[in-house]
Amino acid sequence: MSNEYRHVLVAVDLTKDSHKVLERAIPIARRNHAKLSIIHTLEPLGFAYGGDIPMDLTSIQDQLDDHAKQRLAEIADPCDVPREDQHVVVGMPDTEIHRFAKEYDVDLIVVGSHGRHGFALLLGSTSTGVLHGAQCDVLAVRVGKDGETDE
Ligand code: AMP
């Protein structure tokens, strides 16, 4: 029985690819008797609109946050990931994933990657950002449209 990892962090974009990424991470966490956390990051509305909109975006941000939590639970609950290990945070995905990983001693981050053509497109922008600067192992699970995956 392997005990290589103690805390596995699964990063999901809440698309249907998320199921595949989570399903790949779960047996790894189980084999290692590791804790499994799942994270989704929301882009801050203020960042997207750069202060151009003269209105308080707090309530819209809260609604987006609630919606993301709901969607994350739909993905994570059936896999028995406890709610306290389901995280929605506001910020840039790679920055927030690195921050979480450092703070909670994550030793494996699992992300999805699209099998696009060419080296630059091999990993999506988020997975590339997560890989660069990560202080732990990163597993890129190949995801894509049906029929385009490795399996
Ligand atoms: P992308 O680079 O956008 O093609 O996304 C590839 C992978 O990065 C996804 O399968 C997720 O694992 C991760 N990812 C993308 N966006 C987010 C996000 N907002 N929050 C957490 N993880 C994300």
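What's counted below: heavy atoms across the whole structure, side chains too, no hydrogens, waters or symmetry copies. Both ligands and their constituent atoms are indexed starting at 1 by order of listing.
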Closest to atom 18 (C) of ligand 1 (judged by heavy-atom distance), picking from Thr128, Thr41, Val141: Thr41
Heteroatom distance test (Thr126, ligand 1): nitrogen or oxygen, under 3.5 angstrom: yes
Check: Phe100 ring centre within less than 6.0 Å of His87 ring centre: yes
Atoms in ligand 1 flagged as close to Ile39, the criterion being non-hydrogen separation under 4.0 Å: 21 (C)
Ligand 1 N/O within reach of Val12 N/O, cut-off under 3.5 Å: yes
Donor-acceptor under 3.5 Å (Asp107 side chain, His7 main chain): yes
Contact (N/O only, under 3.5 Å) between Val143 and ligand 1: no
Subset of ligand 1 atoms that lie under 4.0 Å from at least one heavy atom of His40: 18 (C), 19 (N), 20 (N), 21 (C)
Salt-bridge contact Lys20-Glu23 (side-chain N to carboxylate O under 4.0 Å): no
Whether Ser127 lies under 4.0 Å from ligand 1, heavy atom: yes
Polar contact flag for Ile97 and ligand 1 (N/O pairs, less than 3.5 Å): no
Under 3.5 Å, which donor-acceptor pairs link side chains of residues 68-75 to any protein atom two or more places apart or in another chain?
{"unit_1": "Lys69", "atom_1": "NZ", "unit_2": "Asp65", "atom_2": "OD2", "d": "2.9"}
{"unit_1": "Arg71", "atom_1": "NE", "unit_2": "Leu14", "atom_2": "O", "d": "3.1"}
{"unit_1": "Arg71", "atom_1": "NH1", "unit_2": "Glu74", "atom_2": "OE1", "d": "3.2"}
{"unit_1": "Arg71", "atom_1": "NH2", "unit_2": "Leu14", "atom_2": "O", "d": "3.3"}

Shortest non-hydrogen contact from Pro93 toward Thr126: CB-CG2, 3.6 Å
Residues Asp85 and Lys35 bridged, charged N to O under 4.0 Å: yes
Least distance between heavy atoms, Ile26 atom then Cys79 atom: CD1-CB, 3.4 Å
N or O pair under 3.5 Å between Ser125 and ligand 1: yes
